[in-house]
Amino acid sequence: MSRYDPAAIEAKWQQHWDTEEVFKAKADPARPKYYVLEMFPYPSGNLHMGHVRNYAMGDVVARYKAACGFNVLHPMGWDAFGLPAENAAMERKIHPGSWTYANIANMKAQFRSLGLSLDWSREFATCDPEYYGQQQALFLDFLEKGLVYRKAAVVNWDPVDMTVLANEQVEDGRGWRSGALVERRELTQWFFRISDFSQELLSALDGLENWPDKVRTMQANWIGQSRGLRFGFALETPAHDHDRIEVFTTRPDTLMGASFVGLSPDHPLTKALEKDNPDLAAFCADCRRTGTSEEALEKAEKRGMDTGLRVRHPLNPDWHLPVWIANFILMDYGTGAIFACPAHDQRDLDFARKYDLPVTATFEALTDPQPIADTALVLPKSEKVRWINHFTGLTEATGDEAIAATIAKAETEGWGTGVTQYRLRDWGLSRQRYWGCPIPVVHCDSCGVVPEKKENLPVKLPEEVSFDRPGNPLDRHDAWRNVPCPACGAPAKRETDTMDTFVDSSWYFARFTSPGAATPTDRAEADYWMNVDQYIGGVEHAILHLLYSRFFARAMAICGHLPGTAAEPFDALFTQGMVTHEIYQTRDAQGRPVYHLPSDVTDGRLADGTAVETVPSAKMSKSKKNVVDPVGIVNRFGADTARWFMLSDSPPERDVEWTDAGAEAAHKHLARVWRMASELAPSLPQAGESSAEAAPKGVSDAALARLAARTIHDVTQGIEGFAFNTSVAKLYAFTAAIQKSAAPASDRAAALRILARLMAPMTPHLAEEVWTMLGGTGLLARLPWPEADPALLVDDTVTLPIQVNGKRRSELTVAKDMPKAEIEKLALADVAVQKALAGGAPKKLIVVPGRIVNVVV
RNA sequence: GCCCGAGUGGCGGAAUGGUAGACGCAGGGGAUUCAAAAUCCCCCGCCGCAAGGCGUGCCGGUUCGAGUCCGGCCUCGGGUACCA
């Protein structure tokens, strides 16, 4: 007897779908559209299991929605710019472009073997000049609308390699290659004015009802709206053209507890003071060696230094406060200067204790007030407290009330202003790297910064570049750099910064609606296909990518490239969990970790016998090399098995740790389905079933028919609710029931045809094969989704558990519509209940019809 | 540090506040086979001979009833603005 042969089956059906262009999307205003999008991959060169999981999920949705009658758009492309290509260029002397396109070719072949319902005719890579040229056009439009500007900002500077480092490339304050202590260096960089949209991006979150709450919360916290007071401390003696220090505080009500004024090491006054104070300069230089990441800054030991300057308290000019520089004050938030109130802020208190600065409480708890020792008194602003020392006359009031009173008083008296502040900063898009989208401007000595002319786009990256020394190859590429000024024609120089790769991924979804258009979008196409109806991707993108895309959609709408209705581009969002795996590492001569692929590790050793350290499971990532190659799985078991396995077991939103164990089991199950079909096929008449039928039509066996209807219902619910693992469980149960059924062959075949249709979104090749074997005609990929006969979904009896004091003691099977009183009677007559009552009367009897009976004794 | 999640048998997990452990894996037993592979059937949270008791990371609370709701922790994961 022949066997389930996925290699043959899968190639055959993939070819059918291709030939008939089943997945090619075409705008059709007469039909409702559905745009399914999974976050596009970075072309690392190999598919990993996270991809399989992500794209299998999207494919379930795409195929299911198509079966439900929607005109589905399901495109794929490549997030192709980025650091790894430059690293490869340095390590292996390959051009980043060649490396990237080779990776794309390789990964595309792997993708195709999965049989995803993708419209490949819309494919593009963000490193295609056709794509990034349109991105440059967008940049110019944004520039014209005032959405882009330049300002100084700090970067991580590696003083040995003389290059800018990504945060990822800074380890414990040192450059990853040179090992040198990094410095913060200021450069003039390009910025998008995303912070102008803070309020809008915040309030529009309310409308994103089909986004996970956790993502909306994370975005809201990231934007970080806060109400506070902005005011100044006058310097006792002006210094370096500063006569006051502006601060922002969300707790102005604690102003009487002020202990000192703190400046960021990057504050303009700090920088001025450094010039004639070598000790201070040394301290600040030290502070700046942590790199630029917020994480590193916040985790660093809290340190400070007295500047010697003194300021006057705004409420009492005779009260003088010292001015300290503290490494935990961020220049990017507020004004880069704070006043510290150690009594009501733990970080300030730790600092005050360390440097012996005064601690003055301004309020105390209503009950059991304690003096401040080593724990600051921090209470919710909504909690009422007793004010010890307030200046608005309040005695007992909440923090919120005290803040409002303080702001009102400050504004009346004219020494401060209530302001709404956001944590969200403008988006710095400049990167000092080669492998990114060139920023299309030219620097001219006489005209200044001049936008490139649109007809000169794309500004293409030069091909001939070398990576034999660190730094940006564009900087030293004179032939590329030296161009005439687009305005005056005089010799000028191109901008050598390229764009952050987040720019590339902030509008690709819009480009997919018309990937060949000579403008960023074709409005007719964009108007038809936008918005993305279902977006699927990793939760690690919950903040940056999604926030940037939301900003871009607004900016594009302002420039006319998208309809205003696409300001929120993703109607529904699903964040899948990650596929994790153990990490294998050894150490290099400097003790830094060197990672190894799981496929290179056998029994905890490399091929040469070196033992590897095993680090607990983490997100599969290129940099940690803890990735599993799905190609081996596909070769051994077929794509359907890989897909089925990734959809079963774990709930989609949760992380899943890759194990080999389940793949075999998944394959056995698919082989069983195939075998059942092949055994039944010869005994069937050649009657075809080709269209939507009131399912489970053709199943006359009552039990099987009921189960078929129930399965249709449950699987549909599972798909609709992104609970693919429970859909899979129901399909397992249905398969087992068909196998055990004694119903006639025609019944079992009809049940199997329903099974095939329900499995089609998950294991599309096997489903087509089984459908055809059992007399179905036409492509399953074009058939409507089965519908359950509602009459078969109703049960007329129900089994109620009987609890005594909340513990299950017995059960009762009754007619579904049995009146409460009768259930009570039956329950009290139950042997277990009688025993528990021991002749007495129940204290309480709870009957929830259709649910449960609870007897309290 | 800060923000957001997650924690249930040996393992992955199921469960509108209502029978905890569906479904699958691993394991045990059996059938078939000369034998094996493949396949099929049965058992399978922990303790206990049993009756029964205990069980959803920990501590407390609300409720007739809590894996689910509330408060406080612990551990792990994601993000932390130049990894994508």
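Note on naming: letters A, B, ... go to the chains in the order of the sequence lines (proteins, then strands), and numbering restarts at 1 for each one.
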Enquirer: Starting at the 5' end of RNA chain B and moving along, which residue's nearest nucleotide shows up first, A/P41 or A/D426?
Expert: A/D426
Enquirer: Verify the distance criterion only: is there a donor paired with an acceptor across the side chains of A/S293 and A/N167 at less than 3.5 Å?
Expert: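 The criterion, which ignores hydrogens and geometry beyond distance, is not satisfied for A/N167 and A/S293.
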Enquirer: State, yes or no, whether a side-chain contact exists between A/Y508 and A/M39 at a heavy-atom distance under 4.5 Å.
Expert: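 A side-chain contact under 4.5 Å exists here.
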Enquirer: Give a yes/no answer on whether the side chain of A/R423 brings an N or O atom under 4.0 Å of OP1 or OP2 in B/rA81.
Expert: no
Enquirer: Over 60° means perpendicular and under 30° means parallel, so tell me whether A/F192 and A/F552 are parallel, tilted or perpendicular.
Expert: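 Because their plane-to-plane angle is over 60°, the rings of A/F192 and A/F552 count as perpendicular.
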Enquirer: Using a distance-only test with no angle check, is there a side-chain donor-acceptor pair under 3.5 angstrom linking A/N156 and A/Q169?
Expert: no
Enquirer: Tell me whether the rings of A/F197 and A/F551 are parallel (<30°), tilted (30 to 60°) or perpendicular (>60°).
Expert: perpendicular
Enquirer: Regarding A/T799 and A/T813, do their side chains bring together a donor and an acceptor under 3.5 Å, going by distance alone?
Expert: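 There is such a pair between these side chains.
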Enquirer: Could you list all N or O pairs between the protein and nucleotides 37-45 of chain B that sit under 3.5 Å apart?
Expert:
unit_1: B/rU39; atom_1: O3'; unit_2: A/R675; atom_2: NH2; d: 3.3
unit_1: B/rC40; atom_1: OP1; unit_2: A/R672; atom_2: NH1; d: 3.3
unit_1: B/rC40; atom_1: OP1; unit_2: A/Q739; atom_2: NE2; d: 3.2

Enquirer: What residues from residues 849-857 of chain A pass a heavy-atom cutoff of under 4.0 Å to RNA chain B?
Expert: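 Heavy-atom contacts with RNA chain B come from A/R851, A/I852, A/N854, A/V856.
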Enquirer: With a non-hydrogen cut-off below 4.0 angstrom, is A/F328 in contact with a base, only sugar-phosphate, or nothing?
Expert: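 A/F328: no heavy atom of the nucleic acid under 4.0 Å.
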Enquirer: Any chance the side chains of A/D426 and A/S195 put a donor and an acceptor closer than 3.5 Å?
Expert: yes
Enquirer: Are A/L297 and A/L330 close enough that some pair of their side-chain heavy atoms sits under 4.5 Å apart?
Expert: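 A/L297 vs A/L330: side chains touch.
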Enquirer: Just to be sure I understand the rule, does A/S648 reach a base, reach only the sugar-phosphate, or reach nothing, if contact means heavy atoms closer than 4.0 Å?
Expert: nothing
Enquirer: Assign A/G82 to base, sugar-phosphate, or nothing according to its heavy-atom contacts below 4.0 angstrom with the strands shown.
Expert: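 Sugar-phosphate, no base atom in range.
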